[in-house]
Protein chains: 2
Amino acid sequence: MRLVIAKCQVDYSGRLSAHLPMATRLILVKADGSVSVHADDRAYKPLNWMSPPCTLLIEPGTGAEAGGDVWRVVNKAGEELRITLAEVHTDVSHELGPDPGLVKDGVEAHLQELLALHVQTLGEGWTLVRREFPTAIGPVDLMCRDAAGASVAVEIKRRGEIDGVEQLTRYLELLNRDPLLGPVSGVFAAQEIKPQARTLAADRGIRCVQLDYDDLRGIEDPRLKLF
Amino acid sequence: MRLVIAKCQVDYSGRLSAHLPMATRLILVKADGSVSVHADDRAYKPLNWMSPPCTLLIEPGTGAEAGGDVWRVVNKAGEELRITLAEVHTDVSHELGPDPGLVKDGVEAHLQELLALHVQTLGEGWTLVRREFPTAIGPVDLMCRDAAGASVAVEIKRRGEIDGVEQLTRYLELLNRDPLLGPVSGVFAAQEIKPQARTLAADRGIRCVQLDYDDLRGIEDPRLKLF
DNA sequence: TGATATATCTCGAGT
DNA sequence: ACTCGAGGTATATCA
């Protein structure tokens with residue numbers, strides 16, 4: 001990893017064109033060859049960048065002025081990030097080695113696990129038929145039966161948006177062509193459901209259920225509640 | 001901007017939980033108080049971060065060992081990024097000042113502007129009714145009339161994918177419920193149209209038009225072409 | 001402030 | 001190589 005703080009001008013041409021006028025910024029060159037340019041705000045997003053795989057070519061500046069070099073970062077798609085250096089304030093390098101990587105908890109897969117364990121939160125007397133119930137166009141998150149024994153397809157999202165409703169609609173359309181399954185209704189379950197998604201679901205006769213991750217995780221054996 | 005290269009362990013708890021085992025990484029502290037942790041790969045995305053507005057509290061390590069400090073970065077929502085330092089290899093600071101900011105060209109908004117100015121590229125004798133034509137589920141990018149006076153809804157994307165076709169389909173379904181507008185047909189216009197999107201559009205009777213940004217920008221007053 | 005749409009989205013998994 | 005889905009998406013715009 002090489003860290004350069006320098007006055008620079010940056011031009012990107014590729015999927016779009018973007019231009020950064022001359023100013024002092026941080027330039028990050030990583031071991032995989034990628035380059036990013038950061039201002040002194042926003043944690044997440046660089047002002048400009050080139051993702052790996054890409055190649056950095058340094059063209060020495062003409063004459064004696066400090067900086068002056070032009071860095072050209074190019075990738076296979078023909079995109080180019082061109083950095084023109086004017087004054088270099090800092091230039092340090094350090095070998096970091098590979099990173100052991102990130103461990104996450106609380107993503108959609110966990111919601112599915114938890115809800116599979118507690119389908120009764122969707123309705124009294126409901127039972128789980130199976131997780132990842134296969135269809136021709138992909139697996140339904142949960143297939144359940146309600147207290148009356150009717151089939152219910154459940155689509156789970158962390159954030160429920162319109163796309164998720166469309167997805168469940170496609171499943172339901174397909175599943176309802178199978179007379180053996182009988183009529184299949186739908187439940188759209190998410191930690192957060194956008195108004196648009198709610199509206200579309202209502203229009204399609206799909207029930208929306210808001211999930212609480214901590215509640216689901218905290219559900220105790222109901223027998224314990226007798227005491 | 002403060003740049004620290006250090007062996008560190010990182011834990012995030014907030015919208016989910018995430019953990020990074022002890023390893024050498026770059027820690028970026030920006031002037032707005034935001035903090036990000038980078039490995040030696042991937043230009044764009046930090047391993048972990050806290051977006052502004054947030055507060056950095058440094059708790060001195062116990063005893064004499066180098067590093068040892070614990071950094072706690074918290075925001076108003078109660079999310080916390082906790083960085084435990086073990087060995088500090090580099091620690092430099094530099095004042096960057098505000099950035100003049102990025103100038104972009106070629107995004108969807110520009111395509112919409114240009115196409116609104118040149119609806120005749122969609123068909124001889126076409127006219128623009130209005131941009132951002134409102135419907136109950138959101139605005140249609142362009143509403144036009146063809147040479148025969150029939151309504152046409154135009155959805156514009158930089159990259160045309162299946163979602164865009166679904167979106168236009170929803171608009172068309174809604175618009176065609178309004179007998180005053182008469183039958184409304186659809187045009188899906190994009191710089192690049194994925195085969196899947198093209199197929200779905202054909203299935204729905206939606207015409208696909210591939211846009212060329214440079215062509216659109218370069219269209220001159222037709223009268224000039226007489227000379 | 002909340003909702004909505006865009007993004008050089010990025011990134012990973014699966015085909 | 002391409003597609004699809006998820007993301008602590010982030011970010012800007014608009015009500």
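Chain naming here is simple, since letters A, B, ... match the order of the sequence lines and numbering starts at 1 in each.
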- request: Assign B:R159 to base, sugar-phosphate, or nothing according to its heavy-atom contacts below 4.0 angstrom with the strands shown.
  value: sugar-phosphate
query: Roughly how many Å is it from CG in A:N48 to C1' in D:dT11, rounded to a whole number?
result: 16 Å
- prompt: For A:E79 and C:dT10, what is the distance between atoms CD and C1' respectively, to the nearest whole Å?
  reply: 13 Å
Point-to-point distance, once rounded to the nearest 0.5 Å, from NZ of A:K104 to OG of B:S17: 11.5 Å
task: Mind checking A:Q167 for me? I need base, sugar-phosphate or nothing, with any heavy atom below 4.0 Å counting as a touch.
output: nothing
- request: Indicate whether any N or O donor in one side chain lies under 3.5 Å from an N or O acceptor in the other, for A:R198 and A:Q210.
  value: yes
query: Under 3.5 Å, is there a donor-acceptor pair between the A:Q9 and A:D11 side chains?
result: yes
message: In this structure, how many angstroms lie between the P atom of D:dT13 and the NE2 atom of B:H110, rounded?
response: 11 Å
task: Specify the separation, in whole Å, of atom CG of B:L102 and atom P of D:dT11.
output: 13 Å
task: From the options C:dA7, D:dG8, D:dT3, select the nucleotide whose nearest atom is closest to the side chain of B:Y12.
output: D:dG8
- prompt: Under 4.0 angstrom, heavy atoms only, what part of the nucleic acid is B:P195 near: base, sugar-phosphate, or nothing?
  reply: sugar-phosphate
Smallest separation among heavy atoms of A:L85 and A:C8, with atom names: CD2-CB, 3.9 Å
field: D:dA6 phosphate, OP1 or OP2, under 4.0 Å from B:R15 side-chain N/O
entry: no
- prompt: With both distances under 3.5 Å as the test, what is the Watson-Crick or G-U wobble partner of D:dA12?
  reply: C:dT4
message: Can you tell me how the ring of B:H94 sits relative to the ring of A:H89, calling it parallel under 30°, perpendicular over 60° and tilted otherwise?
response: tilted
query: What is the distance, rounded to the nearest whole Å, between atom CD of B:E108 and atom P of C:dT4?
result: 17 Å
message: Roughly how many Å apart are C:dA5 and D:dG8, using the P atom of each and rounding to a whole number?
response: 22 Å
task: Specify the separation, in whole Å, of atom NZ of B:K45 and atom P of D:dA10.
output: 9 Å
- request: Return no unless some side-chain N or O of B:K157 is found under 4.0 Å from OP1 or OP2 of C:dT6.
  value: yes
message: Using a heavy-atom cut-off of 4.0 Å across all strands, would you classify B:M50 as base, sugar-phosphate, or nothing?
response: base
A:R170 or B:P52, whichever maps to the more 5' nucleotide of DNA chain D: A:R170
task: Using the C1' atom as the reference point in each nucleotide, state the distance between D:dC14 and C:dT8 in Å, no decimals.
output: 24 Å
message: Taking any heavy-atom pair under 4.0 Å as a contact, classify A:Y44: base, sugar-phosphate, or nothing.
response: sugar-phosphate
query: Within the distance-only criterion (no hydrogens, no angle test), does the side chain of A:K30 pair as donor or acceptor with the backbone N or O of B:D40 below 3.5 angstrom?
result: no
- line: Nearest-nucleotide check on DNA chain C, B:A43 vs B:V107; residue mapping nearer the 5' end is B:V107
- request: Can you tell me the distance, in whole Å, between the NZ atom of B:K104 and the P atom of D:dT13?
  value: 10 Å
statement: In whole angstroms, the gap separating P of C:dA5 from CD of B:E132 amounts to 10 Å
